[in-house]
Amino acid sequence: MFFFIVRRMLVAIPILLASSFFMFFLVTISGDPLADLRQSTNPNVDQLMAARRLRLNLDQGFFERYIDWLSGILRGDFGQNREGQDVSALLGDAVVTTFRLVILASLLSIVLGILVGIISAVRQYSVIDYTSTFAAFLFYSLPVFWLAVLLKEFGAIRFNDFLEAPGLSVTGIIILSVLPAIFAYGISAGDTKRRAAVAVITGVVFLIVLVIIDASGWMLNPGLSLPVIALLSLLIGVGAAALFAPLENRRVLAAGIVTAVVGVVGSVVFSSWIEDPSWTQLVLLFAFSLITGAVVGSVVGGEIDRRAAVSTGMWTTIGVGLVVAFDQFISAWEPGRTIATIGPQSPNLTGPFWVRMIDYAGHQILPSITLALIGFATFMRFTRSSMLETLKSDYVRTAKAKGLPGTQVIMRHAFRTALIPVMTVITISIAAIIEGAVITEQVFAWKGMGSLFIEGLNNVDPYPVMGFLLVTSIVIIFMNAVADIMYAYLDPRIRR
C-alpha cells in the first residue's frame, strides 16, 4: 500500500506541471494588463507602463515568463499584482478564508449526503425516500446565488427577528413534533402498525421536550446539564456498539457504556481545559480521548471481540466529545447574538474561546449551508444508486442469511463496496464546491479566493488569477490522488 501511495503521488507531479502550463498560457492571452494605461491621460503614463511591464515581466517571452513564474512558485513567490502587492500574502489570507468555508461545506455535504443516501436506499419507496429524492432534485436545480439569497432572507434576517425574543408558538411546537415523527416513520422497519407506533412515540417525545424548553425559557440561557450529557453519552455508547456487533454481544456493549462513563468523568476532570481551551489543548484532549477509548475497548473486549470493542470505544469517545463541545458552544451563546450575513467574522473580536467560536459559526453557517446543500444532492443520489445495486449482490444476501444484524450487513458489507463509485463523485464535487464558493463569497461579502479571482479577471491581473487557478488545481489533483488511494483501500485488487 505504501508504494502504491508513493507511485500515485509521483504521477500527480507531471499532471500538475502540465495543467499549470496550459493555465498560464490561457491567462496570458486572455487580456492586456496595460489596457487601462493605454487609454489614460496621465502625463506620467509612460513611466507607469514601464513600471508595470517590469513588475509583470511583460517584456519577456512567454516561455521565459512561465519559467520565471514557476521557479518563483517553487520558492513560495507567486509574483506581484499590477499594483505591486505581493500575491503570496494576498493568496495566503484568501486561502485560509475560502478553505474554512469549503472544508466545512464539503464535510457537511459528504456526511449528510451519504447518510441520507444509505437510509433512502435501505427504505426504498418509503416516505423518507420520496422526500429526500425530491429535496435532492430541488437543491440541485437551484442556482447558487439564488439559494444564498433565500438563506440570507429566511435563515438570517427573519431568524434574527425570532432570536430577539425566542419562544415557540403552539403551531411551531406542533410542526417541530410532526416532522421528526414523519422521519421516524420513514426510516423504521416492520409493518405499518409498528412504524406508526414508532412515529407516535417519536412525536410525543419531541412534543414533551419542546414544551419543556419553551416553558423553562431554555433558549434564553441554553446549555446541557451533567445528567443530560451522561444520558446522551450512554446512548452514543449503545449506538456505537450496535454498529460493530449485535447488542447481545455484552463485551462490545460494555465497551461502549464504559467508554461513555469514562468520557463523562473525563469532561469533569478536564473542565478547566474545556471551558476556555486553546487549539493545542483541544487537539491533545482529542488524541487522549481516542487512546482512552481504544484502551478501554481493548481491555473490555477480550481476545475475540477486541477489534469491534476498540472501534466502539473510539467512536464513543468522538461522540461524547462532540456532546461536551456542543454544551460549551451553546452555553456561550447570549441573547442578542445573531446570524451574520456579511464577512467571515466580526472585526476586532476578542473574548473566550467559545465566544469566538459562536461568532465564527454565526458568520459561517449560511455560506456553508449554501454550498453543502448543492453538494448534498449529488452525494445523496449517487450513494442511493450505488447502495441499491450493492444490496442486491449475492454476498449481501449471504450475510443476511448467516443471521448478521442489519446494521452490520449495511455498514460492513454493503456500504464499503458502494462507497467506491461515490469516491469519484466526491473528487469531482470538490471542484464544484470551490467554484460555488466564488459566487457565495460575493453574496456574503467574504474576502477570499473568489474575490481575489474576480478582481484579477476584472483588472486583467494575471498573477492573482494564476494563484487562484494553481491552488484549485492542486486541490483537485490531490483529491484525485486521495480517491485512487481510497479505491485501493476499499478494494485491494486495485493495488495490483
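All values derive from a computational prediction rather than experimental measurement.
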Please answer whether the main-chain N or O of S278 pairs with a side-chain N or O of Q281 as donor and acceptor at a distance below 3.5 Å. yes
Side-chain donor or acceptor of S386 paired with backbone N/O of T383 under 3.5 Å: no
If you measure only the distance, is there a donor-acceptor pair under 3.5 Å linking the side chains of Y66 and S20? yes
For R65, all residues meeting salt bridge (Lys or Arg N to Asp or Glu O under 4.0 Å), sequence neighbours excluded: none
Residues two or more places apart in sequence or in another chain: which of them pass side-chain hydrogen bond (donor to acceptor under 3.5 Å, both in side chains) with S311? none
Mind checking what makes side-chain hydrogen bond (donor to acceptor under 3.5 Å, both in side chains) contact with T424, not counting sequence neighbours? Y487
Check step by step if side chain to side chain contact (heavy atoms under 4.5 Å, CB included) holds for M449 and V102. CA-CA 11 Å; M449 289 174 58; V102 169; over 6 Å; no
Gap between atom CD1 of I67 and atom CG of N57 - 0.5 Å precision: 13.0 Å
State, yes or no, whether a side-chain contact exists between T472 and F468 at a heavy-atom distance under 4.5 Å. yes
Does V475 reach the side chain of F99, with side-chain heavy atoms less than 4.5 Å apart? yes
side-chain hydrogen bond (donor to acceptor under 3.5 Å, both in side chains) with E455: which residues, sequence neighbours excluded? none
Name the orientation class of the two ring planes belonging to F25 and F62 (parallel below 30°, tilted from 30 to 60°, perpendicular beyond 60°). perpendicular
Look at the side chain of R100 and the backbone N and O of P344, then say whether any donor-acceptor pair between them is shorter than 3.5 Å. yes
Would you mind reporting whether T440 and F444 have side-chain heavy atoms less than 4.5 Å apart? yes
So, for L104 and S368, which heavy atoms are closest and what is the spacing to 0.1 Å? CD2-OG, 3.6 Å
Atom CD1 of I73 and atom CG of D77: how far apart are they, to the nearest 0.5 Å? 7.5 Å
Please list all pairs passing the ring pair (Phe, Tyr, Trp, His ring centres under 6.0 Å) test where one or both residues lie in residues 346-392, with sequence neighbours left out. W279-F353
Taking S451 for the side chain and W446 for the main chain, is one N or O donor matched with an acceptor at less than 3.5 Å? yes
Using side-chain heavy atoms (C-beta onward) and a distance below 4.5 Å, is V323 in contact with D327? no
Supply the atom-to-atom distance T316 OG1 to F244 CZ, rounded to the nearest 0.5 angstrom. 8.5 Å
If you measure from the Lys or Arg side-chain nitrogens to the Asp or Glu carboxylate oxygens, is any gap between R53 and D59 under 4.0 Å? yes
Taking E64 for the side chain and G61 for the main chain, is one N or O donor matched with an acceptor at less than 3.5 Å? yes
Can you check side chain to side chain contact (heavy atoms under 4.5 Å, CB included) on S109 and I374, steps first, answer last? CA-CA 8 Å; S109 60; I374 295 171; over 6 Å; no
Counting distance only, does the side-chain N/O of T97 pair as donor-acceptor with the main-chain N or O of G448 below 3.5 Å? no
Grab the two heavy atoms, one from A332 and one from I358, that are nearest each other, plus how far apart they are. CB-CG1, 4.1 Å
L112 vs L108, test: side chain to side chain contact (heavy atoms under 4.5 Å, CB included). Steps then yes/no. CA-CA 6 Å; L112 185 62; L108 285 174; 5.8 Å; no
Testing the basics here: between A414 and V396, what is the closest heavy-atom pair and its distance to 0.1 Å? CB-CG2, 4.2 Å
So, for E441 and G450, which heavy atoms are closest and what is the spacing to 0.1 Å? OE1-N, 2.8 Å
Sub-4.5 Å side-chain heavy-atom contact between R384 and I118: no
Donor-acceptor pair, side chain of S30 and main chain of V27, under 3.5 angstrom: yes
Heavy-atom side-chain contact between F183 and I128 under 4.5 Å: yes
Trace of the side chain to side chain contact (heavy atoms under 4.5 Å, CB included) decision for T259 with V320: CA-CA 9 Å; T259 305; V320 174; over 6 Å; no
Can the ring centroids of Y463 and F78 be said to lie less than 6.0 angstrom from one another? no
For the atom pair CD (Q80) and CD (Q85), what is the distance rounded to the nearest 0.5 Å? 9.5 Å
Around atom CD of Q60, are there more than 12 heavy atoms from other residues, nucleotides or ligands closer than 6.0 Å? yes
For the residue pair L56 and N81, establish whether any side-chain heavy-atom pair is separated by less than 4.5 Å. no
Just wondering, do W315 and I236 contact through their side chains at under 4.5 Å, heavy atoms? no
Check: R52 side chain, P33 main-chain N or O, donor-acceptor pair, under 3.5 Å: yes
Can Y395 and T417 be counted as having a side-chain donor-acceptor contact under 3.5 angstrom? yes
Can you tell me how far the CE atom of M466 sits from the CG atom of L70, to the nearest 0.5 Å? 9.0 Å
So that I can tick it off, tell me whether K447 and D93 are bridged by a salt bridge, with the cut-off set at under 4.0 angstrom between side-chain N and carboxylate O. no
What residues, two or more places apart in sequence or in another chain, satisfy side-chain contact (heavy atoms from CB on, under 4.5 Å) together with T292? V262, F288, V296
Quick one: pull up CD1 in I291 and OG1 in T317 and give me the separation to the nearest 0.5 Å. 10.5 Å
I'd like to know if the side chain of D32 and the backbone of L34 have a donor-acceptor N/O pair within less than 3.5 Å. yes
Closest non-hydrogen contact found for S19 with I477 is OG-CD1, 4.1 Å
Any idea which heavy atoms bring G76 and S88 closest together, and the distance? O-OG, 3.0 Å
